[in-house]
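Keep in mind it's a predicted model, so treat the numbers as computed, not measured.
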Amino acid sequence: MTGTGTLFTNIGQLVTPAAGVQRGAAMRDLNVTRDAALLVQDGVIRWAGPRADAPASPDEHDLGGVAVVPGLVDPHTHAVWAGDRLADFEARIAGVPYEEILARGGGIRSSMRATGAASVDDLVTLARPRLQALRHSGATTVEVKSGYGMEFGAESRMLRAIRDLQAEFQLVPTLLIHVPPTEDRAEYVQAVCHDLIPSVAREGLAAAVDVFTEREAFTVNETRAILQAGKANGLHVKIHADQFHAIGGTELACELGALSVDHLEASGPAQIAALAASSTVATLLPGVSLHLGLPAAPGRALIDAGAAVAVGTDLNPGSSPLYSAQMALALAVRLCGLTPAEALCAATVNAAAALGLADRGALVPGQRADFLALHSADWRDLPYTLGASSVRSVFVGGTAL
């Protein structure tokens with residue numbers, strides 16, 4: 001066989017899950033090829049396997065004997081925001097309840113004020129270094145949510161900032177309906193359904209709509225109405241659920257065929273069983289547990305029940321100032337009980353599935369050539385390393401960034 005394109009050779013370990021969403025015990029089944037090679041043409045993997053069997057290519061790139069894994073996919077971030085929550089952080093460490101922080105004008109509504117006052121250019125400038133940090137950590141595709149606007153013009157500015165940043169990064173935009181107003185709540189939900197979602201869909205500003213379903217946010221019935229409007233307008237649907245209380249959001253996500261339900265720190269046996277019986281991906285966000293001191297989501301129980309599990313950073317100013325997809329993977333091992341192999345699967349093909357993407361996350365022919373060359377010859381340094389990047393080089397579409 002004679003190939004064209006670039007042949008990446010001298011790969012100490014080529015490590016990949018199978019393509020497509022993986023469930024339960026299948027999440028542990030990685031393919032590890034030693035002394036491997038990878039042929040890339042037009043941004044797509046054309047061949048992968050032992051170097052001795054590699055097709056000839058006039059363009060070879062020696063990777064120096066290190067381990068190569070798929071590019072990480074971060075399926076849950078809030079990377080576009082203005083302002084900071086440093087005073088909230090200090091108050092929470094001092095024991096001030098979140099309700100009191102909100103009453104003082106802090107919390108998520110302080111982020112909404114600052115973000116709502118920012119221009120699209122301001123938001124792009126602020127988000128760019130955050131996305132660069134995620135990419136440096138190994139994230140080759142990143143989901144970014146709106147949700148700090150509430151006022152529809154501010155939500156649109158956030159989504160336009162994400163669209164502008166797509167010229168530099170592989171981003172998946174999501175319209176997040178985050179918290180309700182303090183007054184005229186029913187009218188707000190109606191306006192979201194009949195005005196905001198159709199407008200966003202017409203302009204192609206989002207691939208999905210997401211709702212924060214929680215006692216302090218939207219009810220299950222409100223969430224149902226918003227997500228049904230999203231589906232009616234051709235958008236995928238997702239839910240933030242069970243972060244603090246299990247009030248039915250996970251069950252609704254499974255019923256509606258949501259791409260994912262994210263958080264799950266408060267999930268119990270009923271929610272685990274619902275996810276295991278559904279096509280919805282369970283997305284873990286261990287940075288929240290680390291930063292807020294919450295119990296970690298039951299990743300071990302979800303996988304043992306047969307669910308498909310993903311992991312993300314939840315990068316945001318309030319509950320997870322985590323700028324590393326590699327660290328999120330590492331925390332999923334330590335806090336959520338995943339094995340290293342499961343965590344790699346959760347951060348690649350399953351994270352892609354949580355975004356409705358089937359063309360990335362595995363190093364097999366036909367997939368996007370998004371991959372990482374590590375500093376080490378052993379891929380397990382990726383979940384092992386804390387406080388430093390184990391990623392030497394990031395390749396998107398076969399091109400080093």
> Above 12 or not: heavy atoms from other molecules or residues under 6.0 Å from CZ of R300?
Replying inline: yes
> Counting only N and O atoms by type, is there a donor-acceptor contact under 3.5 Å from the side chain of R46 to the main-chain atoms of G5?
Replying inline: no
>> Can a donor-acceptor pair be found, under 3.5 Å and without considering hydrogens, that links the side chain of E342 to the backbone of M27?
In response: no
>> Taking ring pair (Phe, Tyr, Trp, His ring centres under 6.0 Å) as the definition, give me every residue that meets it alongside F8, ordered by chain and number, with sequence neighbours left out.
In response: H61, F371, F395
> Which pairs with one or both residues in residues 281-310 pass ring pair (Phe, Tyr, Trp, His ring centres under 6.0 Å), sequence neighbours excluded?
Replying inline: F89-H291
>> Taking salt bridge (Lys or Arg N to Asp or Glu O under 4.0 Å) as the definition, give me every residue that meets it alongside D59, ordered by chain and number, with sequence neighbours left out.
In response: none
> If only atom types and distance count, is the side chain of R85 paired as donor or acceptor with the main-chain N or O of G107 below 3.5 Å?
Replying inline: yes
>> Counting C-beta onward and ignoring hydrogens, is there a side-chain heavy-atom pair between W379 and L30 closer than 4.5 Å?
In response: yes
> Any luck finding a side-chain donor-acceptor pair between H240 and H76 under 3.5 Å?
Replying inline: yes
>> Quick one: does any side-chain atom of N233 pair with a main-chain N or O of L235 as donor and acceptor, under 3.5 Å?
In response: no
> Got a sec, which pairs hit side chain to side chain donor-acceptor pair (under 3.5 Å) with one end in residues 367-376, sequence neighbours left out?
Replying inline: R368-D370, S376-D381
> Does E214 use its side chain to pair, donor to acceptor, with the backbone of A217 at less than 3.5 Å?
Replying inline: no
> Where the side chain of Q243 meets the backbone of E265, is there a donor-acceptor pair that is under 3.5 Å apart?
Replying inline: no
> Can you list the residues that meet the side chain to side chain contact (heavy atoms under 4.5 Å, CB included) rule with R34, with sequence neighbours excluded?
Replying inline: Q13, V32
> Under 3.5 Å, is there a donor-acceptor pair between the side chain of R224 and the main chain of L256?
Replying inline: no
> Has E187 got more than 12 heavy atoms of other residues, nucleotides or ligands less than 6.0 Å from its CD?
Replying inline: yes
> For T141 and R360, does a side-chain donor sit closer than 3.5 Å to a side-chain acceptor?
Replying inline: yes
> Between the main-chain N or O of E60 and the side-chain N or O of S57, is there a donor-acceptor pair closer than 3.5 Å?
Replying inline: no
> Does the side chain of K145 pick up a donor-acceptor pair with the side chain of T174 at under 3.5 Å?
Replying inline: no
>> Tell me if a side-chain donor or acceptor on T77 pairs with a main-chain N or O of E143 at a distance below 3.5 Å.
In response: yes
> Of all residues at least two apart in sequence or in a different chain, which pass the ring pair (Phe, Tyr, Trp, His ring centres under 6.0 Å) check with Y188?
Replying inline: F152
>> Please check: side-chain N/O of R163 versus main-chain N/O of P173, any donor-acceptor pairing under 3.5 Å?
In response: no
